S.K.: 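My structure is below; once you've seen it, I'll send some questions.
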Amino acid sequence: MRVRPGWLTVLGWLLLGFSTASYAETAAGGLTLARAVALALVHQPGVAAQQDAADAASRLVDARKAAFSPHLGLQASETFNSMENGTPDFTSANGRQEITGQVVLEQKLYDPPGAAAIGAARAEAEFAHYRALQNRFAVAGMVARTYYKLQAQQAAIAIWRLPAAESQADLDAAQRGLRPDVRTRLDLLRLQTALRQAQQGLSQAKLARATSVRLLMLMTGLSTLPALATPPPISADFTLPSLPEIQAAALQTQPALVIARSRQRRAAALLTAARAARLPRAQLQAAYGWDTLGSFSARPGWSAGVSVSMPLFDGGELHDRAAAARLRLSAARQHALQTRLDLRASLTTVWGDARAALNAYRAARDLARRKQRIWQISKEGYRARQLSSLDLLLAQRDWIRGRQAELADATRLRLALMQLRLLAGQLPTDNNQ
(Lines give C-alpha, C1' and ligand atoms only; values in the text may rest on other atoms or scores of the structure.)
Protein backbone atom coordinates (compact mmCIF):
# COMPACT_ATOMS: atom_id res chain seq x y z
CA MET A 1 0.00 0.00 0.00
CA ARG A 2 1.38 3.38 -0.97
CA VAL A 3 2.38 5.69 1.87
CA ARG A 4 0.65 9.03 1.54
CA PRO A 5 2.56 12.23 2.37
CA GLY A 6 1.07 15.13 4.24
CA TRP A 7 0.35 15.20 7.93
CA LEU A 8 2.60 12.22 8.55
CA THR A 9 5.64 14.39 7.99
CA VAL A 10 4.65 16.37 11.05
CA LEU A 11 5.08 13.22 13.11
CA GLY A 12 8.39 12.38 11.47
CA TRP A 13 10.45 13.31 14.52
CA LEU A 14 8.87 10.47 16.42
CA LEU A 15 10.03 7.47 14.40
CA LEU A 16 13.44 6.88 12.91
CA GLY A 17 13.60 5.40 9.45
CA PHE A 18 13.60 1.75 8.52
CA SER A 19 17.18 0.64 8.04
CA THR A 20 18.01 -1.89 5.34
CA ALA A 21 21.48 -2.34 6.77
CA SER A 22 22.84 -5.55 8.20
CA TYR A 23 22.39 -6.63 11.79
CA ALA A 24 25.89 -5.37 12.61
CA GLU A 25 25.03 -1.93 11.30
CA THR A 26 21.80 -2.00 13.29
CA ALA A 27 23.63 -2.89 16.47
CA ALA A 28 26.18 -0.13 15.87
CA GLY A 29 23.61 2.60 15.20
CA GLY A 30 21.01 1.39 17.68
CA LEU A 31 17.83 -0.55 17.10
CA THR A 32 15.16 1.79 15.75
CA LEU A 33 11.44 1.17 16.12
CA ALA A 34 11.04 0.81 12.35
CA ARG A 35 13.78 -1.83 12.27
CA ALA A 36 12.23 -3.69 15.20
CA VAL A 37 8.86 -3.70 13.46
CA ALA A 38 10.44 -4.96 10.22
CA LEU A 39 12.17 -7.81 12.07
CA ALA A 40 8.95 -8.77 13.85
CA LEU A 41 7.00 -8.85 10.59
CA VAL A 42 9.53 -11.33 9.23
CA HIS A 43 9.77 -13.41 12.39
CA GLN A 44 6.10 -13.75 13.43
CA PRO A 45 4.54 -16.91 11.88
CA GLY A 46 1.07 -15.39 12.03
CA VAL A 47 2.08 -12.72 9.54
CA ALA A 48 3.29 -15.33 7.06
CA ALA A 49 0.10 -17.37 7.59
CA GLN A 50 -2.12 -14.39 6.79
CA GLN A 51 -0.04 -13.60 3.71
CA ASP A 52 -0.38 -17.18 2.47
CA ALA A 53 -4.14 -16.94 2.95
CA ALA A 54 -4.20 -13.72 0.92
CA ASP A 55 -2.15 -15.33 -1.86
CA ALA A 56 -4.49 -18.33 -1.86
CA ALA A 57 -7.49 -16.03 -2.26
CA SER A 58 -5.81 -14.36 -5.23
CA ARG A 59 -5.25 -17.76 -6.81
CA LEU A 60 -8.96 -18.52 -6.43
CA VAL A 61 -9.73 -15.42 -8.48
CA ASP A 62 -7.60 -16.83 -11.30
CA ALA A 63 -9.38 -20.16 -10.93
CA ARG A 64 -12.79 -18.48 -11.26
CA LYS A 65 -11.63 -16.69 -14.39
CA ALA A 66 -10.22 -19.90 -15.86
CA ALA A 67 -13.67 -21.49 -15.67
CA PHE A 68 -14.63 -19.38 -18.73
CA SER A 69 -11.64 -20.55 -20.74
CA PRO A 70 -11.88 -23.56 -23.08
CA HIS A 71 -11.46 -26.87 -21.27
CA LEU A 72 -9.96 -29.77 -23.17
CA GLY A 73 -10.06 -33.28 -21.75
CA LEU A 74 -9.73 -36.93 -22.64
CA GLN A 75 -12.48 -39.49 -22.10
CA ALA A 76 -11.66 -43.17 -22.53
CA SER A 77 -13.56 -46.23 -21.40
CA GLU A 78 -14.10 -49.91 -22.16
CA THR A 79 -17.43 -51.42 -21.17
CA PHE A 80 -18.51 -55.08 -21.19
CA ASN A 81 -22.25 -55.88 -21.26
CA SER A 82 -24.09 -59.13 -20.68
CA MET A 83 -25.80 -60.62 -23.75
CA GLU A 84 -28.61 -63.08 -24.29
CA ASN A 85 -29.22 -64.51 -27.77
CA GLY A 86 -27.13 -61.67 -29.25
CA THR A 87 -29.15 -58.97 -27.51
CA PRO A 88 -27.74 -56.80 -24.69
CA ASP A 89 -29.55 -57.08 -21.38
CA PHE A 90 -29.58 -53.26 -20.99
CA THR A 91 -31.37 -51.10 -23.53
CA SER A 92 -28.65 -48.48 -23.25
CA ALA A 93 -25.96 -50.98 -24.34
CA ASN A 94 -24.97 -51.35 -27.98
CA GLY A 95 -23.00 -54.58 -27.85
CA ARG A 96 -20.94 -56.95 -25.77
CA GLN A 97 -17.91 -54.66 -25.76
CA GLU A 98 -17.93 -50.90 -26.21
CA ILE A 99 -14.80 -48.80 -26.52
CA THR A 100 -14.69 -45.01 -26.18
CA GLY A 101 -11.73 -42.75 -26.78
CA GLN A 102 -12.53 -39.09 -27.32
CA VAL A 103 -10.99 -35.66 -26.93
CA VAL A 104 -13.72 -33.44 -25.49
CA LEU A 105 -13.83 -29.62 -25.68
CA GLU A 106 -16.09 -27.66 -23.32
CA GLN A 107 -16.65 -23.92 -23.44
CA LYS A 108 -19.04 -21.90 -21.30
CA LEU A 109 -21.00 -19.48 -23.45
CA TYR A 110 -23.32 -17.85 -20.95
CA ASP A 111 -23.09 -18.39 -17.20
CA PRO A 112 -24.28 -15.42 -15.08
CA PRO A 113 -23.67 -17.12 -11.70
CA GLY A 114 -20.12 -17.98 -12.73
CA ALA A 115 -19.44 -14.39 -13.81
CA ALA A 116 -20.79 -13.10 -10.50
CA ALA A 117 -18.58 -15.59 -8.67
CA ILE A 118 -15.53 -13.88 -10.19
CA GLY A 119 -16.54 -10.58 -8.59
CA ALA A 120 -17.13 -12.30 -5.26
CA ALA A 121 -13.72 -13.96 -5.45
CA ARG A 122 -12.07 -10.61 -6.17
CA ALA A 123 -13.74 -9.04 -3.15
CA GLU A 124 -12.72 -12.02 -1.04
CA ALA A 125 -9.11 -11.68 -2.23
CA GLU A 126 -9.13 -7.99 -1.36
CA PHE A 127 -10.58 -8.84 2.03
CA ALA A 128 -7.84 -11.42 2.67
CA HIS A 129 -5.15 -8.98 1.55
CA TYR A 130 -6.25 -6.23 3.89
CA ARG A 131 -6.84 -8.67 6.72
CA ALA A 132 -3.20 -9.69 6.35
CA LEU A 133 -2.26 -6.01 6.33
CA GLN A 134 -4.35 -5.43 9.44
CA ASN A 135 -2.46 -8.23 11.15
CA ARG A 136 0.79 -6.50 10.26
CA PHE A 137 -0.48 -3.34 11.93
CA ALA A 138 -1.42 -5.33 15.02
CA VAL A 139 2.14 -6.71 15.19
CA ALA A 140 3.54 -3.20 14.67
CA GLY A 141 1.42 -1.88 17.52
CA MET A 142 2.53 -4.69 19.81
CA VAL A 143 6.20 -4.03 19.01
CA ALA A 144 5.77 -0.26 19.41
CA ARG A 145 4.26 -0.62 22.88
CA THR A 146 7.08 -2.88 24.02
CA TYR A 147 9.73 -0.73 22.34
CA TYR A 148 8.58 2.51 23.96
CA LYS A 149 8.13 0.76 27.28
CA LEU A 150 11.71 -0.45 27.09
CA GLN A 151 12.92 3.03 26.19
CA ALA A 152 11.09 4.45 29.21
CA GLN A 153 12.56 1.77 31.48
CA GLN A 154 16.06 2.55 30.29
CA ALA A 155 15.46 6.24 30.95
CA ALA A 156 14.10 5.34 34.40
CA ILE A 157 17.34 3.51 35.16
CA ALA A 158 19.29 6.65 34.29
CA ILE A 159 16.98 8.68 36.55
CA TRP A 160 17.55 6.39 39.53
CA ARG A 161 21.30 6.15 39.04
CA LEU A 162 21.87 9.84 39.69
CA PRO A 163 20.17 10.04 43.13
CA ALA A 164 21.74 6.70 44.07
CA ALA A 165 25.21 8.11 43.36
CA GLU A 166 24.41 11.40 45.08
CA SER A 167 22.99 9.64 48.15
CA GLN A 168 26.03 7.40 48.36
CA ALA A 169 28.35 10.42 48.27
CA ASP A 170 26.32 12.29 50.89
CA LEU A 171 26.21 9.21 53.10
CA ASP A 172 29.98 8.74 52.89
CA ALA A 173 30.47 12.38 53.81
CA ALA A 174 28.03 12.09 56.71
CA GLN A 175 29.77 8.99 58.03
CA ARG A 176 33.11 10.79 57.92
CA GLY A 177 31.67 13.73 59.83
CA LEU A 178 29.83 11.65 62.41
CA ARG A 179 32.77 11.29 64.83
CA PRO A 180 33.28 15.00 65.53
CA ASP A 181 29.49 15.24 65.73
CA VAL A 182 29.22 17.41 62.63
CA ARG A 183 26.38 15.26 61.37
CA THR A 184 23.70 13.85 63.61
CA ARG A 185 22.60 10.27 63.67
CA LEU A 186 19.22 11.39 62.26
CA ASP A 187 21.00 12.79 59.21
CA LEU A 188 22.82 9.52 58.80
CA LEU A 189 19.60 7.52 59.03
CA ARG A 190 17.84 9.77 56.51
CA LEU A 191 20.70 9.45 54.03
CA GLN A 192 20.76 5.69 54.46
CA THR A 193 17.03 5.60 53.76
CA ALA A 194 17.42 7.78 50.66
CA LEU A 195 20.20 5.53 49.37
CA ARG A 196 18.15 2.44 49.99
CA GLN A 197 15.15 3.89 48.17
CA ALA A 198 17.29 4.91 45.21
CA GLN A 199 18.91 1.47 45.04
CA GLN A 200 15.53 -0.23 45.26
CA GLY A 201 14.11 1.97 42.50
CA LEU A 202 17.15 1.22 40.34
CA SER A 203 16.81 -2.51 40.95
CA GLN A 204 13.10 -2.51 40.05
CA ALA A 205 13.77 -0.54 36.88
CA LYS A 206 16.46 -3.04 35.82
CA LEU A 207 14.16 -6.00 36.44
CA ALA A 208 11.39 -4.38 34.40
CA ARG A 209 13.86 -3.65 31.61
CA ALA A 210 15.02 -7.27 31.54
CA THR A 211 11.42 -8.43 31.02
CA SER A 212 10.85 -5.99 28.17
CA VAL A 213 14.15 -6.99 26.57
CA ARG A 214 13.08 -10.65 26.55
CA LEU A 215 9.69 -9.75 25.09
CA LEU A 216 11.21 -7.67 22.31
CA MET A 217 13.67 -10.46 21.52
CA LEU A 218 10.77 -12.91 21.21
CA MET A 219 8.90 -10.53 18.92
CA THR A 220 11.84 -9.77 16.64
CA GLY A 221 13.61 -13.15 16.75
CA LEU A 222 16.92 -11.57 17.82
CA SER A 223 19.17 -13.74 19.98
CA THR A 224 20.71 -10.65 21.55
CA LEU A 225 19.08 -7.25 21.62
CA PRO A 226 21.26 -4.31 20.56
CA ALA A 227 20.98 -0.98 22.29
CA LEU A 228 17.91 0.99 21.34
CA ALA A 229 18.35 4.12 19.28
CA THR A 230 18.21 7.32 21.28
CA PRO A 231 14.72 8.79 20.90
CA PRO A 232 14.69 12.18 19.18
CA PRO A 233 13.81 15.05 21.51
CA ILE A 234 10.36 16.55 21.48
CA SER A 235 10.80 20.09 20.23
CA ALA A 236 9.37 22.95 22.23
CA ASP A 237 7.31 24.19 19.26
CA PHE A 238 5.88 20.79 18.32
CA THR A 239 2.19 20.87 17.44
CA LEU A 240 -0.23 18.09 16.67
CA PRO A 241 -1.67 17.77 13.18
CA SER A 242 -5.29 18.77 12.85
CA LEU A 243 -7.88 16.08 13.43
CA PRO A 244 -9.58 16.55 10.00
CA GLU A 245 -6.26 15.89 8.24
CA ILE A 246 -5.75 12.70 10.21
CA GLN A 247 -9.29 11.52 9.54
CA ALA A 248 -8.97 12.22 5.80
CA ALA A 249 -5.85 10.04 5.61
CA ALA A 250 -7.33 7.29 7.80
CA LEU A 251 -10.58 7.05 5.82
CA GLN A 252 -8.54 6.31 2.71
CA THR A 253 -6.00 3.76 3.92
CA GLN A 254 -7.13 2.19 7.20
CA PRO A 255 -7.23 -1.61 6.62
CA ALA A 256 -10.28 -2.16 8.85
CA LEU A 257 -12.32 0.24 6.74
CA VAL A 258 -11.11 -1.26 3.46
CA ILE A 259 -11.98 -4.71 4.81
CA ALA A 260 -15.51 -3.55 5.55
CA ARG A 261 -15.81 -2.16 2.02
CA SER A 262 -14.54 -5.40 0.49
CA ARG A 263 -17.12 -7.33 2.52
CA GLN A 264 -19.80 -5.08 1.10
CA ARG A 265 -18.57 -5.69 -2.45
CA ARG A 266 -18.47 -9.42 -1.82
CA ALA A 267 -22.03 -9.37 -0.48
CA ALA A 268 -23.15 -7.41 -3.57
CA ALA A 269 -21.46 -9.97 -5.85
CA LEU A 270 -23.12 -12.84 -4.01
CA LEU A 271 -26.51 -11.15 -4.41
CA THR A 272 -25.86 -10.84 -8.13
CA ALA A 273 -24.94 -14.53 -8.25
CA ALA A 274 -28.12 -15.48 -6.34
CA ARG A 275 -30.26 -13.54 -8.79
CA ALA A 276 -28.35 -14.91 -11.77
CA ALA A 277 -29.11 -18.48 -10.67
CA ARG A 278 -32.58 -18.01 -12.20
CA LEU A 279 -31.13 -17.20 -15.63
CA PRO A 280 -30.35 -19.76 -18.34
CA ARG A 281 -26.88 -21.15 -18.88
CA ALA A 282 -25.39 -22.13 -22.22
CA GLN A 283 -22.38 -24.35 -22.91
CA LEU A 284 -20.69 -25.65 -26.03
CA GLN A 285 -19.38 -29.23 -26.07
CA ALA A 286 -17.47 -30.86 -28.91
CA ALA A 287 -15.89 -34.32 -29.09
CA TYR A 288 -13.54 -36.02 -31.53
CA GLY A 289 -12.55 -39.68 -31.37
CA TRP A 290 -14.10 -43.15 -31.24
CA ASP A 291 -17.26 -44.50 -29.73
CA THR A 292 -17.32 -47.95 -31.28
CA LEU A 293 -17.91 -51.66 -30.71
CA GLY A 294 -15.08 -54.10 -30.36
CA SER A 295 -12.06 -52.15 -31.68
CA PHE A 296 -10.80 -48.86 -33.11
CA SER A 297 -10.89 -50.19 -36.66
CA ALA A 298 -13.35 -47.55 -37.83
CA ARG A 299 -12.22 -43.99 -38.54
CA PRO A 300 -12.63 -41.41 -35.74
CA GLY A 301 -15.72 -39.22 -35.73
CA TRP A 302 -16.80 -35.96 -34.18
CA SER A 303 -19.82 -34.41 -32.55
CA ALA A 304 -20.69 -30.88 -31.37
CA GLY A 305 -23.63 -29.26 -29.68
CA VAL A 306 -24.86 -26.49 -27.44
CA SER A 307 -26.70 -27.27 -24.23
CA VAL A 308 -28.96 -24.84 -22.37
CA SER A 309 -30.21 -25.26 -18.81
CA MET A 310 -32.54 -23.14 -16.76
CA PRO A 311 -34.40 -23.76 -13.49
CA LEU A 312 -38.20 -23.66 -13.72
CA PHE A 313 -39.39 -24.67 -10.27
CA ASP A 314 -37.30 -25.16 -7.13
CA GLY A 315 -39.78 -24.87 -4.29
CA GLY A 316 -38.68 -21.29 -3.49
CA GLU A 317 -35.02 -22.19 -2.86
CA LEU A 318 -33.57 -19.59 -5.22
CA HIS A 319 -35.96 -16.92 -3.97
CA ASP A 320 -34.90 -17.55 -0.37
CA ARG A 321 -31.25 -17.55 -1.32
CA ALA A 322 -31.65 -14.18 -3.03
CA ALA A 323 -33.51 -12.80 0.01
CA ALA A 324 -30.73 -13.99 2.30
CA ALA A 325 -28.13 -12.39 0.01
CA ARG A 326 -30.01 -9.07 0.14
CA LEU A 327 -30.00 -9.17 3.93
CA ARG A 328 -26.27 -9.96 3.99
CA LEU A 329 -25.62 -7.00 1.71
CA SER A 330 -27.64 -4.75 3.99
CA ALA A 331 -25.69 -6.04 6.99
CA ALA A 332 -22.39 -5.44 5.18
CA ARG A 333 -23.39 -1.85 4.40
CA GLN A 334 -24.32 -1.19 8.02
CA HIS A 335 -21.09 -2.83 9.16
CA ALA A 336 -19.09 -0.55 6.87
CA LEU A 337 -20.86 2.50 8.29
CA GLN A 338 -20.22 1.29 11.83
CA THR A 339 -16.55 0.65 11.06
CA ARG A 340 -16.25 4.18 9.69
CA LEU A 341 -17.91 5.58 12.81
CA ASP A 342 -15.69 3.50 15.10
CA LEU A 343 -12.59 4.66 13.24
CA ARG A 344 -13.55 8.31 13.62
CA ALA A 345 -14.26 7.73 17.31
CA SER A 346 -10.91 6.02 17.83
CA LEU A 347 -9.08 8.81 16.03
CA THR A 348 -10.84 11.42 18.12
CA THR A 349 -10.00 9.58 21.33
CA VAL A 350 -6.35 8.99 20.48
CA TRP A 351 -5.92 12.52 19.16
CA GLY A 352 -7.37 13.83 22.42
CA ASP A 353 -4.98 11.61 24.38
CA ALA A 354 -2.06 12.92 22.34
CA ARG A 355 -3.13 16.50 22.95
CA ALA A 356 -3.47 15.91 26.68
CA ALA A 357 -0.13 14.08 26.77
CA LEU A 358 1.58 16.94 24.94
CA ASN A 359 0.21 19.50 27.40
CA ALA A 360 1.13 17.29 30.35
CA TYR A 361 4.62 16.73 28.96
CA ARG A 362 5.28 20.44 28.57
CA ALA A 363 4.12 21.11 32.13
CA ALA A 364 6.09 18.15 33.50
CA ARG A 365 9.23 19.20 31.62
CA ASP A 366 9.04 22.70 33.06
CA LEU A 367 8.42 21.38 36.59
CA ALA A 368 11.24 18.87 36.28
CA ARG A 369 13.69 21.62 35.36
CA ARG A 370 12.55 23.71 38.31
CA LYS A 371 12.78 20.74 40.67
CA GLN A 372 16.22 19.92 39.36
CA ARG A 373 17.32 23.45 40.19
CA ILE A 374 15.76 23.19 43.65
CA TRP A 375 17.59 19.90 44.23
CA GLN A 376 20.86 21.45 43.11
CA ILE A 377 20.42 24.39 45.49
CA SER A 378 19.43 22.01 48.30
CA LYS A 379 22.59 19.95 47.77
CA GLU A 380 24.70 23.08 47.90
CA GLY A 381 22.92 24.30 51.03
CA TYR A 382 23.18 20.93 52.75
CA ARG A 383 26.87 20.59 52.03
CA ALA A 384 27.38 24.15 53.27
CA ARG A 385 25.49 23.16 56.47
CA GLN A 386 22.77 25.73 55.80
CA LEU A 387 19.98 23.21 55.07
CA SER A 388 19.05 20.01 56.86
CA SER A 389 19.14 16.51 55.45
CA LEU A 390 15.32 16.58 55.38
CA ASP A 391 15.40 19.53 52.97
CA LEU A 392 17.85 17.63 50.79
CA LEU A 393 15.82 14.42 50.75
CA LEU A 394 12.55 16.21 49.99
CA ALA A 395 14.15 18.06 47.09
CA GLN A 396 15.65 14.83 45.78
CA ARG A 397 12.31 13.01 46.03
CA ASP A 398 10.52 15.84 44.20
CA TRP A 399 13.12 15.77 41.43
CA ILE A 400 12.72 12.00 40.98
CA ARG A 401 8.94 12.31 40.78
CA GLY A 402 9.22 15.22 38.38
CA ARG A 403 11.54 13.35 36.03
CA GLN A 404 9.35 10.26 36.21
CA ALA A 405 6.29 12.33 35.33
CA GLU A 406 8.14 13.92 32.41
CA LEU A 407 9.24 10.50 31.18
CA ALA A 408 5.75 9.01 31.52
CA ASP A 409 4.13 11.87 29.62
CA ALA A 410 6.75 11.70 26.84
CA THR A 411 6.15 7.96 26.45
CA ARG A 412 2.41 8.49 26.47
CA LEU A 413 2.75 11.11 23.75
CA ARG A 414 4.93 8.87 21.58
CA LEU A 415 2.48 5.98 21.93
CA ALA A 416 -0.47 8.20 21.07
CA LEU A 417 1.29 9.49 17.95
CA MET A 418 2.15 5.94 16.94
CA GLN A 419 -1.48 4.91 17.37
CA LEU A 420 -2.53 7.81 15.15
CA ARG A 421 -0.15 6.59 12.47
CA LEU A 422 -1.41 3.01 12.70
CA LEU A 423 -5.03 4.14 12.64
CA ALA A 424 -4.21 6.09 9.50
CA GLY A 425 -2.89 2.90 7.90
CA GLN A 426 0.82 3.72 7.98
CA LEU A 427 3.73 1.55 9.11
CA PRO A 428 7.01 3.17 10.24
CA THR A 429 9.48 3.41 7.35
CA ASP A 430 12.22 5.80 6.35
CA ASN A 431 9.66 7.53 4.12
CA ASN A 432 7.97 8.82 7.28
CA GLN A 433 10.92 10.96 8.37
Side-chain angles (χ1 to χ4, degrees), residues 145-213 228 230-231 233-236 238 353-354 356-416:
R145 287 188 293 271
T146 305
Y147 184 91
Y148 285 134
K149 186 177 182 180
L150 179 56
Q151 271 190 343
Q153 290 162 349
Q154 290 180 339
I157 291 175
I159 291 174
W160 282 111
R161 278 175 176 166
L162 181 57
E166 294 284 347
S167 297
Q168 184 66 62
D170 291 336
L171 179 60
D172 293 341
Q175 288 174 338
R176 289 193 299 269
L178 185 61
R179 295 188 183 90
D181 205 20
V182 175
R183 298 295 184 189
T184 66
R185 294 187 180 275
L186 181 58
D187 291 331
L188 184 62
L189 185 58
R190 285 172 178 169
L191 293 173
Q192 289 174 341
T193 303
L195 177 60
R196 178 57 180 165
Q197 289 175 344
Q199 290 175 340
Q200 182 64 22
L202 181 59
S203 176
Q204 292 296 326
K206 288 182 177 180
L207 290 174
R209 180 186 63 177
T211 301
S212 297
V213 166
L228 301 187
T230 303
I234 302 174
S235 60
F238 172 77
D353 291 342
L358 179 58
N359 292 336
Y361 168 75
R362 286 172 175 169
R365 180 179 58 185
D366 181 65
L367 288 174
R369 290 174 179 175
R370 294 175 182 270
K371 291 179 179 180
Q372 183 176 12
R373 181 57 180 161
I374 292 173
W375 184 33
Q376 183 65 33
I377 295 174
S378 299
K379 287 190 292 185
E380 295 173 356
Y382 171 76
R383 291 166 184 172
R385 300 186 180 92
Q386 296 176 355
L387 295 176
S388 67
S389 59
L390 180 59
D391 296 325
L392 174 63
L393 299 186
L394 290 177
Q396 176 178 296
R397 184 185 63 182
D398 287 345
W399 176 82
I400 293 173
R401 291 178 178 177
R403 287 288 290 120
Q404 288 175 336
E406 180 186 8
L407 176 61
D409 291 331
T411 303
R412 178 185 166 197
L413 176 59
R414 287 188 169 95
L415 281 174

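Keep in mind that this is a model prediction, so the values were computed, not measured. These numbers come from the heavy atoms of this one structure, side chains and all, not from hydrogens, waters or symmetry mates.
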S.K.: Sequence neighbours left out, what passes side-chain hydrogen bond (donor to acceptor under 3.5 Å, both in side chains) with N359? Give chain and number order.
M.R.: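 For N359 there are no side-chain hydrogen bond (donor to acceptor under 3.5 Å, both in side chains) partners, ignoring immediate neighbours.
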S.K.: Any chance you could measure Q153, atom CD, to T211, atom OG1, to the nearest 0.5 Å?
M.R.: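 Nearest 0.5 Å value for the CD-OG1 distance: 7.5 Å.
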S.K.: Salt bridge (charged side-chain N to carboxylate O under 4.0 Å, His left out) between D366 and R370: does it pass, once the steps are laid out?
M.R.: CA-CA 6 Å; D366 181 65; R370 294 175 182 270; 3.0 Å; yes
S.K.: Going by the rule side-chain hydrogen bond (donor to acceptor under 3.5 Å, both in side chains), which residues pair with S378 if we only count those two or more places apart in sequence or in a different chain?
M.R.: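 S378 satisfies side-chain hydrogen bond (donor to acceptor under 3.5 Å, both in side chains) with no other residue.
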S.K.: Should we count NZ of K379 as having more than 12 external heavy atoms under 6.0 Å?
M.R.: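 Atom NZ in K379 is packed in, count exceeds 12.
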S.K.: How far apart are the closest heavy atoms of L415 and Y148, and which atoms are they?
M.R.: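 Scanning both residues completely, I find the closest heavy atoms to be CD2-CD1, 3.4 Å.
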S.K.: If I compare all heavy atoms of L393 with all of A194, which pair ends up nearest, and what's the gap?
M.R.: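 Shortest heavy-atom separation between L393 and A194 comes out as CD2-CB, 3.3 Å.
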S.K.: Determine yes or no for a side-chain-to-main-chain donor-acceptor pair under 3.5 angstrom, with T193 supplying the side chain and L189 the backbone.
M.R.: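 The answer is yes, because a donor-acceptor pair under 3.5 Å joins these two groups.
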S.K.: At their closest point, which heavy atom of L195 faces which heavy atom of A164, and how far apart are they?
M.R.: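 Shortest heavy-atom separation between L195 and A164 comes out as CD1-O, 3.5 Å.
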S.K.: Quick one: pull up CD1 in I157 and CG in L207 and give me the separation to the nearest 0.5 Å.
M.R.: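 CG of L207 is found 9.0 Å from CD1 of I157.
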S.K.: Should the pair D170-R383 be classified as a salt bridge under the 4.0 Å nitrogen-to-oxygen rule?
M.R.: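 Salt bridge: yes.
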S.K.: Check T411 against A152 and note the closest heavy-atom contact, atom names and distance.
M.R.: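 For T411 versus A152, the nearest heavy atoms are OG1-CB, 3.4 Å.
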S.K.: Within the 4.5 Å heavy-atom criterion, are R365 and R369 side-chain neighbours or not?
M.R.: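 Heavy-atom side-chain distance check passes, below 4.5 Å.
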S.K.: Could you state the interatomic distance from CD1 (I377) to CD (Q386), rounded to the nearest 0.5 Å?
M.R.: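 If I round to the nearest 0.5 Å, the distance is 11.5 Å.
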S.K.: State, to 0.1 Å, how close R362 and A236 come at their nearest heavy-atom pair, and which atoms those are.
M.R.: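 For R362 versus A236, the nearest heavy atoms are NH2-O, 3.7 Å.
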S.K.: Using side-chain heavy atoms (C-beta onward) and a distance below 4.5 Å, is L387 in contact with L392?
M.R.: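 Not in contact.
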S.K.: Does K371 make a cation-pi contact with W375, if we ask for NZ or CZ under 6.0 Å from the ring centre and within 45° of the axis?
M.R.: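 No, K371 does not sit over the ring of W375.
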S.K.: Does I234 form a side-chain contact (heavy atoms from CB on, under 4.5 Å) with R414? I'd like the steps, not just the answer.
M.R.: CA-CA 9 Å; I234 302 174; R414 287 188 169 95; 4.0 Å; yes
S.K.: Test side-chain contact (heavy atoms from CB on, under 4.5 Å) on Q199 and Q168; report intermediate values, then the result.
M.R.: CA-CA 10 Å; Q199 290 175 340; Q168 184 66 62; 4.2 Å; yes
S.K.: What are the two closest non-hydrogen atoms of I400 and W160, and how far apart are they?
M.R.: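 Heavy atoms of I400 and W160 come nearest at CD1-CZ3, 3.7 Å.
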S.K.: Contact between L407 and I159 at the side-chain level, heavy atoms closer than 4.5 Å - yes or no?
M.R.: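 SC-SC contact between L407 and I159 confirmed.
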S.K.: Please round to the nearest 0.5 Å and tell me the distance separating atom CG of L358 and atom CZ of F238.
M.R.: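 Reported value, rounded in 0.5 Å steps: 6.5 Å.
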S.K.: How long is the span from the CG atom in L191 to the CG atom in D172, to the nearest 0.5 Å?
M.R.: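 It is 10.0 Å, given to the nearest 0.5 Å.
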